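Structure record follows, encoded as structure tokens.
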Amino acid sequence: MKSISDNWVVRNLENALATWNEKLAELWQLVTQTPETFKGGQIWGVIVNIHSALVGVGYGLLVLFFAMGVFSSAASFRELQRPEFALRHFIRFLFAKVAVGRGMEIMTAIFAILGVCLEGAVIVRACLIYSAFLSSDAPSVDTTLPAVTTASGRWAASTAAHGS
């Protein structure tokens, strides 16, 4: 007597599922990999070198645009002496300096947060799928409840009274 595993359809399905699992494992590895470890870190090293070179250019442009912003928004020398004017422009300069100087750290922190969220979402989804397949019983249905109900049940009672 032939077993079910001798059937060519079953073997093809098993091979297809094995290939599918291998590809999903590769995809999971790529998705959960940090930029620092991708392709042995060589690409990340090039990115860090380019970033270091562009930080100096960013600071130069920051000073230039800060000066342009201060002088274009001030109509007279008297406005430059007001403390709220100076404070507003100083705060804008501070935010821009942090963005230029710490842009790489901000970007890697965002990647780390998104990676953790992605891993958590995938784990939750896998647990839900596993628990759905784990239950072998038929779903239990309470047939005494109407198909559409509200919290007070007034809609169901009114439709039953009107016959619609």
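The analysis underlying the following values was restricted to heavy atoms, covering all of them including side chains, and did not include hydrogens, waters or symmetry mates. Being a predicted model, the structure only gives us computed values, none of them experimental.
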Check the hydrophobic clustering (I, L, V, M, F, W, Y; side-chain heavy atoms under 4.5 Å; chains of links allowed) and say if V48 and I43 are grouped together. yes
If hydrophobic clusters are built by linking Ile, Leu, Val, Met, Phe, Trp and Tyr wherever their side-chain heavy atoms come under 4.5 Å apart, do L94 and F66 end up in the same one? no
Residues sharing F65's hydrophobic cluster, by side-chain heavy-atom contacts under 4.5 Å among ILVMFWY, directly or via others? V57, L61, L64, M68
Minimum heavy-atom distance between V100 and H51, given as atom pair plus value: O-NE2, 4.4 Å
Set of ring pair (Phe, Tyr, Trp, His ring centres under 6.0 Å) partners for Y59, sequence neighbours left out: none
Taking the side chain as every heavy atom from C-beta outward, state whether V55 and M104 have any pair of such atoms under 4.5 Å apart. no
Following the transitive rule for hydrophobic clusters with a side-chain heavy-atom cut-off under 4.5 Å over Ile, Leu, Val, Met, Phe, Trp and Tyr, establish whether F95 and L87 coincide in one cluster. yes
By ring pair (Phe, Tyr, Trp, His ring centres under 6.0 Å), F90 pairs with (sequence neighbours left out) none
According to side chain to side chain donor-acceptor pair (under 3.5 Å), who are the partners of S52, at least two apart in sequence or on a separate chain? none
Not counting sequence neighbours, which residues clear salt bridge (charged side-chain N to carboxylate O under 4.0 Å, His left out) with R92? List them please. none
So that I know where these two stand, are H89 and F85 an aromatic pair - ring centroids less than 6.0 Å apart? yes
Heavy-atom nearest pair, V98 first then I106, reads O-CD1, 4.3 Å
Give the C-alpha distance, both sets of side-chain angles, the deciding distance and a yes or no for side chain to side chain contact (heavy atoms under 4.5 Å, CB included) between V46 and Q42. CA-CA 7 Å; V46 171; Q42 294 174 348; over 6 Å; no
Does anything in residues 99-110 form a side chain to side chain donor-acceptor pair (under 3.5 Å)? List the pairs, not counting sequence neighbours. none
From CD (E22) to CG (L17), nearest 0.5 Å: 11.5 Å
How long is the span from the CG atom in L13 to the CH2 atom in W8, to the nearest 0.5 Å? 9.0 Å
